[in-house]
*Asks:* 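Below is a structure I'd like to ask you about.
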There are 2 protein chains.
Amino acid sequence: MIVVMETKQLQFAKALADKNRLKIMTQLCCVWLSVNDLVEQLGVEQSTVSHHLKTLKAAELVLVRQEGKHRYYTLNQEQLTLCCGMLVQSFAPDYAATIVPVSSIQEASGD
Amino acid sequence: MIVVMETKQLQFAKALADKNRLKIMTQLCCVWLSVNDLVEQLGVEQSTVSHHLKTLKAAELVLVRQEGKHRYYTLNQEQLTLCCGMLVQSFAPDYAATIVPVSSIQEASGD
DNA sequence: TTGACATATCGACCAATATCGATATGATTG
DNA sequence: CAATCATATCGATATTGGTCGATATGTCAA
């Protein structure tokens, strides 16, 4: 269980640890964008954007929806919140109890 | 302001994005350890541990205290909590209001 | 000051990964 | 089916960053 969390935390941190991926996440917050939309806004090659999206997808930080020839991505706010809560639980136990009631998030994510 | 946060978030994510640094953080949670203590527990060279501690220090994720010839490190739980709150505010606005009251953390950190 | 110990820094090497260009896969339309 | 557009994957290259060994800096005791 703890090992699983450590792996998840590493994957989460690595997913965030790139300038362009953070930019992508910023762009994808609260909206659905196609890969080409992101290509235009970031100014890097399409293959690069796809590569980053794959990394974010592996970390479950983005959701995908196919529509016609387009694939629309958006940020997975719930997963991000869970990961942050996990970090606080692991590394800030003095704050975890009062600040981040992760249990309530987990309840809300029952699917 | 937003630019500053993005830089901070990148630094935070990069600081966490290494297996050995996560191990160090785990070891330093709630306790003060010397560099040599960490060297023994991680099984890597002292120079490597110092290098990681420098990275964590730059991200303000550890606190240092000199005592005799030893330097004792511990995890900065408050900073970690702030960074996580910042991430949720930036990338999970739908959750930020109800789950992570960052303002209360900032109040508690007034110095 | 000298010696011993603890930690930080430096230089070199190597592994991981970001990027690009080219190509393959997949979806839609005619 | 062929043509076109959108995205994913692949191979090569460049850059970043982790690691080590050696050395420098700093601290304390004799």
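Nothing here was measured: the structure is a model prediction, and the numbers come from that model. Below, chain A is the first sequence line, B the second, and so on; all start at residue 1.
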*Asks:* Please give, in whole Å, the distance from dT17(C) P to Gln11(A) CD?
*Replies:*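 Value for this atom pair: 12 Å.
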
*Asks:* What is the separation between atom OH on Tyr73(B) and atom P on dA6(C), rounded to the nearest whole Å?
*Replies:*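 Checked: the OH to P distance equals 15 Å.
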
*Asks:* Could you run through nucleotides 15-26 of chain D and give me one letter per nucleotide, 5' to 3': B if any protein heavy atom sits under 4.0 Å from the base, S if only the sugar-phosphate is that close, - if neither?
*Replies:* --SSBBBB----

*Asks:* Figure out the CG/C1' separation between Leu33(A) and dA6(D), and round it to whole Å.
*Replies:*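 Atom-to-atom, Leu33(A) to dA6(D), this comes out as 15 Å.
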
*Asks:* When rounded to the nearest 0.5 angstrom, what distance separates CZ in Arg21(B) from CG in Leu61(B)?
*Replies:*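 Answer for the CZ-CG pair, Arg21(B) versus Leu61(B), is 10.0 Å.
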
*Asks:* Do the side-chain N or O atoms of Arg71(B) get closer than 4.0 angstrom to the phosphate oxygens (OP1, OP2) of dA6(C)?
*Replies:*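 For dA6(C), OP1/OP2 do not have a side-chain N/O of Arg71(B) under 4.0 Å.
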
*Asks:* Would you say a side-chain N or O of Asn36(A) is under 4.0 Å from OP1 or OP2 of dT7(D)?
*Replies:*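 Checking Asn36(A) against dT7(D): at least one side-chain N or O falls below 4.0 Å of OP1 or OP2.
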
*Asks:* Within the distance-only criterion (no hydrogens, no angle test), does the side chain of Thr74(B) pair as donor or acceptor with the backbone N or O of Val31(B) below 3.5 angstrom?
*Replies:*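 Yes.
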
*Asks:* Grab the CG-P distance between Leu53(A) and dA8(D) for me, whole Å please.
*Replies:*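 Spelled out: CG on Leu53(A) to P on dA8(D) is 7 Å.
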
*Asks:* Determine whether a donor-acceptor pair (N or O, by modelled atom type, separation under 3.5 Å) exists between the side chain of Gln46(A) and the backbone of Val39(A).
*Replies:*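 Looks like no, no N/O pair under 3.5 Å.
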
*Asks:* Mind checking if Tyr72(A) touches a base, just sugar-phosphate, or nothing, with heavy atoms under 4.0 Å?
*Replies:*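 Nothing, no heavy atom under 4.0 Å.
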
*Asks:* Given atom NZ of Lys57(A) and atom P of dT9(D), what is their separation to the nearest angstrom?
*Replies:*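 Interatomic distance, NZ of Lys57(A) to P of dT9(D): 11 Å.
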
*Asks:* Whole Å only: how far is the CD atom of Glu67(B) from the C1' atom of dC28(D)?
*Replies:*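 Roughly 13 Å, once rounded to whole Å.
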
*Asks:* Where do Val64(A) and Leu53(A) land on the side-chain contact (heavy atoms from CB on, under 4.5 Å) test, with the steps shown first?
*Replies:* CA-CA 10 Å; Val64(A) 200; Leu53(A) 287 171; over 6 Å; no

*Asks:* Would His70(A) and Asp37(A) satisfy side-chain contact (heavy atoms from CB on, under 4.5 Å), going step by step from the backbone distance to the final call?
*Replies:* CA-CA 10 Å; His70(A) 297 266; Asp37(A) 292 338; over 6 Å; no

*Asks:* Expressed as a whole number of angstroms, how long is the span from His70(A):NE2 to dA8(D):C1'?
*Replies:*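 Answer to the nearest Å: 15 Å.
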
*Asks:* Working note: Gln79(B) + Cys83(B), criterion side-chain contact (heavy atoms from CB on, under 4.5 Å); need CA distance, chi angles, decisive distance, verdict.
*Replies:* CA-CA 6 Å; Gln79(B) 178 67 15; Cys83(B) 287; 3.5 Å; yes

